[in-house]
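Naming convention: chains lettered A, B, ... in sequence-line order (proteins, then strands); numbering from 1 in each chain. Predicted model only: the values in this text are computed from it and were never measured.
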Protein chains: 2
Amino acid sequence: MNEEKKQYEELDEETLFVVSQTFKALSDPTRLRILSLLSNREYSVSQIAEILQLKQSNVSHQLRYLKNLRLVKFRREGTTIYYSQDDEHVIRMLQQTIYHALHR
Amino acid sequence: MNEEKKQYEELDEETLFVVSQTFKALSDPTRLRILSLLSNREYSVSQIAEILQLKQSNVSHQLRYLKNLRLVKFRREGTTIYYSQDDEHVIRMLQQTIYHALHR
DNA sequence: CGTTTATATGTTAGTGTATGAATATATAAA
DNA sequence: TTTATATATTCATACACTAACATATAAACG
């Protein structure tokens, strides 16, 4: 009745950090909206700001955050920078969870 | 070159809230460790605290948090309360993400 | 009832995060 | 090279979150 505790193998710290970071990226409504938008196709920063009614600086902040986690990528075209999603797994997870939330 | 903005249908606020809440639950390392532990089988509060080396009050707080989101459930046996996971979808998502993090 | 054990809750200090205003940088066009 | 446009960054601030300690509640049992 006492030995049963011993079996569980803990997650290593590195994995724990990566996983929690990933979920943290998805825990903010603004980032969720941006990622959800980008799951379809690429958009420029100003397009994102206009569509989602956000300040440009806010969009830039969140895109940097997402870029650091390699959840989005970008390409430049003149002065315009187009962002798109860069992690199929995360996008799939997001869409599944949205579906799940809509059909509860 | 201007009309392409109009198509995107925004997530409604309720869904956005539910989804971000769910991910927020998973964004904290302590809650992740607890949920990961509970994905196998049920454990009492004191067992969780001992296995994960957490303060009892901390475990209780996190369990209440997870319970409010219906991610865990519990049953009482005398003074002991056993908690177990209560959302297959979230557990699956967690395990997939752990797997993904381990094999990158 | 009083005591012990298991769990829950209130409170608070420290830390982290999201946002916006102002400003800087970068590219293109004139 | 000046000007306009798009994006990034810096800085300040308000707010949220985590974890710990202290305390309360609830059940079991003598």
Distance, rounded to the nearest Å, where A:L63 contributes CG and D:dT7 contributes P: 10 Å
Are any non-hydrogen side-chain atoms of A:H61 and A:R64 less than 4.5 angstrom apart? yes
Backbone N or O of A:L11 within a donor-acceptor pair of the A:T15 side chain at under 3.5 Å? no
B:H61 ring over D:dT18 six-membered base ring, under 5.5 Å and 30°: no
For B:Y83, which contact category applies under a 4.0 Å heavy-atom criterion: base, sugar-phosphate, or nothing? sugar-phosphate
Polar side-chain contact B:Q56-C:dA8 base: donor and acceptor under 3.5 Å: yes
How long is the gap from CG on B:L52 to CD on B:Q47, to the nearest 0.5 Å? 11.0 Å
Both distances under 3.5 Å, Watson-Crick or G-U wobble: report the partner of C:dA30, or none. D:dT1
Rounded to the Å, how far apart are A:L66 CG and D:dA8 P? 12 Å
Whole-Å distance separating the CG atom of B:N58 from the P atom of C:dA8: 13 Å
Which nucleotide, D:dA8, D:dT5, D:dA27, lies nearest any side-chain atom of A:T79? D:dT5
Could you state the atom-to-atom distance from OH of A:Y43 to P of D:dA6 in whole Å? 18 Å
Counting only heavy atoms and a strict 4.0 angstrom limit, can you tell me which residues of residues 16-33 of chain A come near DNA chain C? A:K24, A:D28, A:T30, A:R31
So does B:K24 get a backbone contact from the side chain of B:R31, meaning a donor-acceptor N/O pair under 3.5 Å? yes
With the side chain defined as heavy atoms from C-beta on, A:R76 is closest, among C:dA26, C:dT9, D:dT9, to C:dA26
What does A:S60 touch in the nucleic acid at a heavy-atom separation under 4.0 angstrom: a base, only the sugar-phosphate, or nothing? base
Counting only heavy atoms from other residues, nucleotides and ligands, does the tally under 6.0 Å from CZ of B:R75 exceed 12? yes
Figure out the OH/P separation between A:Y82 and C:dT27, and round it to whole Å. 16 Å
Closest-nucleotide ordering on DNA chain C, the 5'-leading residue of A:G78 and A:Q62: A:Q62
Any donor-acceptor N/O pair, A:H103 side chain to A:Y99 backbone, under 3.5 Å: yes
What is the distance, rounded to the nearest whole Å, between atom CZ of A:R64 and atom C1' of D:dA6? 17 Å
Mind checking if A:T80 touches a base, just sugar-phosphate, or nothing, with heavy atoms under 4.0 Å? sugar-phosphate
Any idea which of D:dT7, C:dA21, C:dT5 is nearest the A:S57 side chain? C:dA21
Nearest whole Å is fine: how far is D:dC29 P from B:E77 CD? 12 Å
Could you go through B:Y8 and A:S36, starting from their C-alpha distance and side-chain angles, then the distance that decides it, and tell me whether this counts as side chain to side chain donor-acceptor pair (under 3.5 Å)? CA-CA 10 Å; B:Y8 182 70; A:S36 177; 2.9 Å; yes
Expressed as a whole number of angstroms, how long is the span from A:N68:CG to C:dA18:P? 13 Å
